[in-house]
Amino acid sequence: MAFIHPIVIVLAILSGVYTGYLGWKRFRFRRGHGSSSDFPWQRHIQWGKRFYILLWIGSFIGVGALFYLKGTLLTSGLHTYLAVLILLLFSIGVALGGKLSKGKGTNRLASIHMVINYSTFFFVLIQIVLGVIFLTFFLSA
């Protein structure tokens with residue numbers, strides 16, 4: 001059961017990276033590189049939703065696996081706290097993206113949306129390292 005969590009999270013990360021790649025096309029267009037047709041708006045939104053849903057599902061599976069294995073919640077230390085921060089930051093990014101998708105945002109809001117989501121992937125990289133350490137700990141126990 002402990003391995004379902006990282007599999008779902010890896011799928012979420014891959015979806016998020018692809019979503020970021022699609023968003024990067026818009027950023028380049030706004031800076032004069034490429035055309036507006038280079039940015040697949042609807043695909044960016046669809047993959048962003050997939051990413052966000054998979055991220056939450058993976059997080060719930062992780063909490064469930066921890067509860068199943070240890071009988072308690074939120075006991076994995078920094079891995080848990082960083083997960084909460086990541087979920088919070090991506091939730092803010094998704095909320096801003098929702099506003100943008102309704103046509104109610106500005107270029108500044110789009111930039112904030114991008115900075116929050118892209119910079120949160122730095123925390124995701126740290127989280128991956130912590131998760132590998134955590135799984136190694138579980139495997140040896």
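The figures here come from the full heavy-atom set of this structure, side chains too, leaving out hydrogens, waters and symmetry mates. As the structure is a computational prediction, the values presented were derived from the model and not from experiment.
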Practice task
Measure across Leu100 and Ala110 and return the closest heavy-atom pair with its distance rounded to 0.1 Å.
Solution key: CD1-CA, 3.6 Å
Exercise for the section: Could you identify which residues cluster with Trp24, counting Ile, Leu, Val, Met, Phe, Trp and Tyr as linked when any side-chain heavy atoms lie under 4.5 Å apart, either directly or through a chain of such contacts? Expected result: Phe27, Met114, Tyr118
Exercise for the section: Please round to the nearest 0.5 Å and tell me the distance separating atom CZ of Arg50 and atom CG of Leu54. Expected result: 9.0 Å
Exercise for the section: Would you give the length of the straight line joining atom CG of Leu89 to atom CZ of Phe123, rounded to the nearest 0.5 angstrom? Expected result: 6.5 Å
Handout entry: Pair listing, side-chain hydrogen bond (donor to acceptor under 3.5 Å, both in side chains) test, anchored in residues 10-19, at least two apart
Key = Tyr18-Arg43
Practice task
Could you walk me through whether Val17 and Tyr21 pass the side chain to side chain contact (heavy atoms under 4.5 Å, CB included) test, one step at a time?
Solution key: CA-CA 6 Å; Val17 168; Tyr21 166 73; 5.7 Å; no
Exercise for the section: Carefully, step by step, assess Phe121 and Asn117 under the rule side chain to side chain contact (heavy atoms under 4.5 Å, CB included). Expected result: CA-CA 7 Å; Phe121 271 99; Asn117 287 332; 5.6 Å; no
Handout entry: Check: Gln127 side chain, Leu82 main-chain N or O, donor-acceptor pair, under 3.5 Å
Key = no
Practice task
For His113 and Leu96, indicate whether the former's side chain and the latter's backbone hold a donor-acceptor pair under 3.5 Å.
Solution key: no
Exercise for the section: Could you tell me how the ring of Tyr52 sits relative to the ring of Trp56: parallel (under 30°), tilted (30 to 60°) or perpendicular (over 60°)? Expected result: perpendicular
Exercise for the section: Decide yes or no for Phe134 and Leu66: does some side-chain heavy atom of the first lie under 4.5 Å from some side-chain heavy atom of the second? Expected result: yes
Completion exercise
d(Leu85 CG, Leu78 CG) to nearest 0.5 Å is 10.0 Å
Handout entry: Atom pair CD1 (Ile9) and CD1 (Ile4), whose distance is rounded to the nearest 0.5 Å
Key = 12.5 Å
Completion exercise
When rounded to the nearest 0.5 Å, the distance separating NE2 of His79 from CD1 of Ile133 is 10.5 Å
